Amino acid sequence: MPRHVAIIMDGNGRWAQNRGQPRIEGHRRGASSVRRITELAAQWKLQALTLYCLSSENWKRPAAELEFLMQLLRQYLIDERPTLRDQNLQLRFIGRLDRLGDDVLAEIEKTKAVCRNNTGTELVLAVDYGGRDEITRATREIAQQVAAGELAIDDIDEDTISKQLDTKGLAEVDLMIRTGGDIRISNYLLWQISYAELWFTEKCWPEFGEVEFREAIEGFASRQRRFGGLDEAADEAGEPAEKGADPAAKVH
């Protein structure tokens, strides 16, 4: 099983338009998929599930759609508090919350309070998030520490950078899933997915359910992860290494 799964929830608007419905209906249906996948992540005891809710580039969208997305996020936080509590889900936000409205920020704080003592899967919501922006902010913080004499340049390493990222303390992403048919990572967790397995599907996010999630997990389990090295058993035998264990034993 992957420890940390990250998902780009793409295709909401296209799903709705293909059915002759307004784009906002796709976003509304996508919220139901969030609940479904979050519950599965908790049941399967993933360490973390990170969902790309709103990118820093999404501010270019029409004002009416952005307003709907903000209110959808606000309503999600209100409606899902019982689920987050009952599923023992921890909650974290990454990205720039400083550009969100006060009404959304208030619900974020209320929901985080409900989850404060939870110990299960960590649900990470990426809101107004961009990978380059995250690395830029981390770099500024490190530069300030150097300027203040708190950190020597020669002491800066990968761990130094990781500890300044929004995801500090989380396991690195093992599996990155993108729905909606596009095959790109769209400025998502650029540092954290360095060695992640990538899995793409034509299914739009409102269509993504347990069958598709299991398929992605099983695909992850069948891959060999060498992290730049060689599989010693396969190298000695001169033949491919055995595939991963059957994930059905762990995905219940």
Side-chain angles (χ1 to χ4, degrees), residues 2-10 12 34 47-63 65-67 69-70 72-74 77 90-109 111-112 122-180 182-200 205 227-228:
R3 297 164 302 168
H4 184 176
V5 176
I7 304 179
I8 299 175
M9 306 178 295
D10 197 19
N12 289 329
V34 170
Q47 286 186 26
L49 173 69
T50 300
L51 303 177
Y52 207 0
C53 300
L54 182 74
S55 80
S56 52
E57 287 80 17
N58 286 156
W59 294 110
K60 302 172 186 176
R61 294 189 177 187
E65 184 172 346
L66 283 171
E67 176 61 23
L69 289 173
M70 289 296 104
L72 186 63
L73 173 60
R74 178 179 175 276
L77 293 167
Q90 302 178 66
L91 183 64
R92 181 191 297 205
F93 286 81
I94 61 174
R96 290 191 52 182
L97 301 185
D98 59 296
R99 295 193 285 194
L100 302 183
D102 290 341
D103 56 340
V104 177
L105 291 173
E107 300 305 333
I108 286 175
E109 291 306 314
T111 308
K112 286 170 66 176
E122 189 156 5
L123 175 61
V124 184
L125 301 182
V127 179
D128 193 4
Y129 174 86
R132 289 182 175 181
D133 175 71
E134 179 187 30
I135 294 171
T136 300
R137 289 186 282 109
T139 303
R140 286 176 182 155
E141 179 60 32
I142 292 170
Q144 289 175 355
Q145 292 178 20
V146 172
E150 300 170 358
L151 180 67
I153 291 177
D154 290 342
D155 290 336
I156 298 173
D157 56 17
E158 291 186 7
D159 188 55
T160 306
I161 298 171
S162 293
K163 287 179 178 177
Q164 294 300 331
L165 298 176
D166 296 346
T167 54
K168 56 184 175 291
L170 288 175
E172 289 194 359
V173 177
D174 290 319
L175 173 63
M176 195 282 285
I177 299 169
R178 180 172 188 145
T179 64
D182 288 332
I183 304 176
R184 55 177 176 265
I185 57 176
S186 296
N187 198 20
Y188 186 43
L189 299 172
L190 299 179
W191 180 275
Q192 297 87 343
I193 65 171
S194 296
Y195 286 99
E197 297 295 321
L198 308 181
W199 194 85
F200 301 94
W205 178 243
F227 301 98

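The model shown is predicted, which means the values in this text are computed figures rather than measured ones. What's counted below: heavy atoms across the whole structure, side chains too, no hydrogens, waters or symmetry copies.
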Determine whether Met176 and Leu189 make a side-chain contact, defined as any pair of heavy atoms from C-beta on separated by less than 4.5 Å.
-> no
Heavy-atom side-chain contact between Thr50 and Tyr188 under 4.5 Å = yes
How many angstroms lie between NZ in Lys163 and CG in Leu165, if you round to the nearest 0.5 Å?
-> 12.0 Å
Before giving the answer on salt bridge (charged side-chain N to carboxylate O under 4.0 Å, His left out), spell out for Arg92 and Asp166 the whole-Å C-alpha distance, their side-chain angles and the decisive distance to 0.1 Å.
-> CA-CA 9 Å; Arg92 181 191 297 205; Asp166 296 346; over 6 Å; no
Hey, does the side chain of Asp182 reach the backbone of Arg184 with a donor-acceptor pair shorter than 3.5 angstrom?
-> no
Mark yes or no for whether Ser56, through its side chain, and Asp128, through its backbone, hold a donor-acceptor pair below 3.5 Å.
-> no
Tell me, do Arg178 and Tyr52 make a side-chain contact under 4.5 Å, heavy atoms counted?
-> no
Please report the closest heavy-atom contact between Val127 and Cys53, naming both atoms and the distance.
-> CG2-CB, 4.1 Å
Taking C-beta and beyond as the side chain, do Gln145 and Gln164 meet within less than 4.5 Å on heavy atoms?
-> yes
Report yes if some heavy atom in the side chain of Trp191 is under 4.5 Å from a heavy atom in the side chain of Thr167; otherwise report no.
-> no
Check: Val146 and Ile156 side chains under 4.5 Å, non-hydrogen atoms = yes
Please examine the side chains of Thr160 and Asp155, heavy atoms only from C-beta on, and report whether any two atoms are closer than 4.5 Å.
-> no
Taking everything shown except Glu158 itself, do over 12 heavy atoms lie less than 6.0 Å from its CD?
-> no
Just how far is it from atom CG of Leu49 to atom CZ of Arg3, taken to the nearest 0.5 Å?
-> 14.5 Å
Close side-chain approach of Leu54 to Leu73, heavy-atom, < 4.5 Å = no
Residues Leu66 and Arg61: closest non-hydrogen pair is CD1-O, 3.5 Å
Should the heavy atoms of other residues, nucleotides or ligands under 6.0 Å from CZ of Arg99 be counted, would the total exceed 12?
-> yes
Atom pair CG/CD of Leu170 and Glu122 - distance to nearest 0.5 Å | 5.0 Å
